[in-house]
Amino acid sequence: MDLTRRVALVTGASSGIGQAVATQLVSRGARVVVHGRDRQRTLDCADRLGARPVVADLARDAGIDELAAAAVDAYGRIDVLVAAAGVGWSGPFAAMAGADIDELVRVDLIAPVRLCHALLPAMIERQTGHVAFVGSIAGRTGVAGEAVYAGAKGGLDLFVDSLRLELAASGVAVSLTVPAAVDTEFFVRRGRPYSRRVPRPVSPQRVATAVVKAIERDRPEAWVPAWLRIAPAVRAIAPGPYRFLSRRFGEQVRAARHDEARLR
Ligand SMILES: NC(=O)c1ccc[n+]([C@@H]2O[C@H](COP(=O)([O-])OP(=O)(O)OC[C@H]3O[C@@H](n4cnc5c(N)ncnc54)[C@H](OP(=O)(O)O)[C@@H]3O)[C@@H](O)[C@H]2O)c1
């Protein structure tokens with residue numbers, strides 16, 4: 001897809017990966033609607049990029065509907081949806097509050113599916129469009145201490161694969177970008193810093209480049225970093241050894257050490 005003068009909605013553009021994607025789309029000549037939950041950050045981003053802002057809380061059903069309607073109103077249509085907004089949570093599942101489970105599943109799974117549901121029919125009618133989702137390596141491999149996050153991203157992953165099959169002859173493309181660790185506020189916000197040595201966090205700009213290339217070149221999937229594709233392959237071929245290594249080197253083990261060190 002040539003992005004010149006295309007209209008794109010980027011959710012989660014007030015921060016991190018979403019903001020980097022919005023910046024690259026503007027540089028390609030697209031007209032961009034930037035979404036965020038925090039009003040000031042969203043307005044600042046829109047000002048900086050010359051984009052249209054929409055503020056909405058995607059943990060609320062009404063927020064999803066309001067965003068879809070306001071985004072279409074901005075330029076009369078949406079050609080590209082980039083669903084980047086997301087939230088993490090790390091710690092023992094049994095200690096997770098019910099409200100945090102609900103919020104995470106709503107923001108990371110229900111909101112992107114519902115937004116796609118609202119914007120897709122017009123793309124199908126015009127026989128052109130692209131819906132780009134941001135998944136996570138956690139959704140492909142599972143991660144101790146992030147069971148709900150991994151479950152939500154894993155659900156998104158299969159939704160995307162299924163939808164892509166369904167839309168094969170429609171003119172509308174669907175992509176999933178699968179990042180590992182990215183250097184954004186995500187880890188601070190989830191309340192636990194990133195503690196693995198490998199993979200090293202990459203920049204949000206690098207993830208944004210993968211998202212934008214997937215849109216321009218009609219790629220179904222992008223991994224950042226690319227070598228991480230090997231992790232789900234090893235998990236599928238040798239699940240026993242994979243589980244052993246995950247337990248041995250998993251983030252939860254390091255996180256527990258981090259907590260102990262803080263208490264000392
Ligand atoms: N960082 C990583 O290591 C990593 C790795 C794999 C996948 N991902 C995925 O990448 C995506 C972007 O994450 P990021 O790293 O860029 O994190 P980030 O810097 O924390 O940005 C998260 C974005 O999501 C928005 N958001 C969060 N809760 C929301 C809600 N209830 N309603 C509306 N918007 C909400 C935030 O809006 P406000 O700032 O306005 O609150 C912000 O724009 C997420 O889907 C995440 O799961 C991240």
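Just follow the structure's listing: the first ligand is 1, and inside any ligand the first atom is 1.
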Check each heavy atom of Ser14 against ligand 1 and say whether those closer than 4.0 Å belong to the side chain, the backbone, both or neither.
both

Out of all atoms in ligand 1, which are within 4.0 Å of some heavy atom of Ala181? Include the element for each.
3 (O)

Consider side chain to side chain donor-acceptor pair (under 3.5 Å). Of Arg164, Lys213, Arg217, His130, which one does Ser175 pass it with?
His130

Can you sort out the partners of Asp57 under salt bridge (charged side-chain N to carboxylate O under 4.0 Å, His left out), two or more places apart, ordered by chain and number?
none

If you measure from each non-hydrogen atom of Arg106 to ligand 1, which part falls under 4.0 Å: side chain, backbone, both or neither?
neither

Which heavy atom of the protein is the closest neighbour of atom 19 (O) of ligand 1, given with residue, atom name and distance?
Ser15 OG, 2.6 Å

Below 3.5 Å, can you tabulate the donor-acceptor pairs from side chains in residues 93-105 to any protein atom, sequence neighbours excluded?
none

So, is Ser136 polar-close to ligand 1, with some N/O to N/O distance under 3.5 Å?
no

For ligand 1, which atoms sit closer than 4.0 Å to a heavy atom of Gly86?
22 (C), 24 (O), 27 (C), 44 (C), 45 (O)

Does a salt bridge link Glu125 with Arg77, judged by any charged N lying under 4.0 Å from a carboxylate O?
no

Under 4.0 Å between heavy atoms, the region of Ala180 that gets near ligand 1 turns out to be backbone

Close N or O approach (Gly36, ligand 1; < 3.5 Å):
no

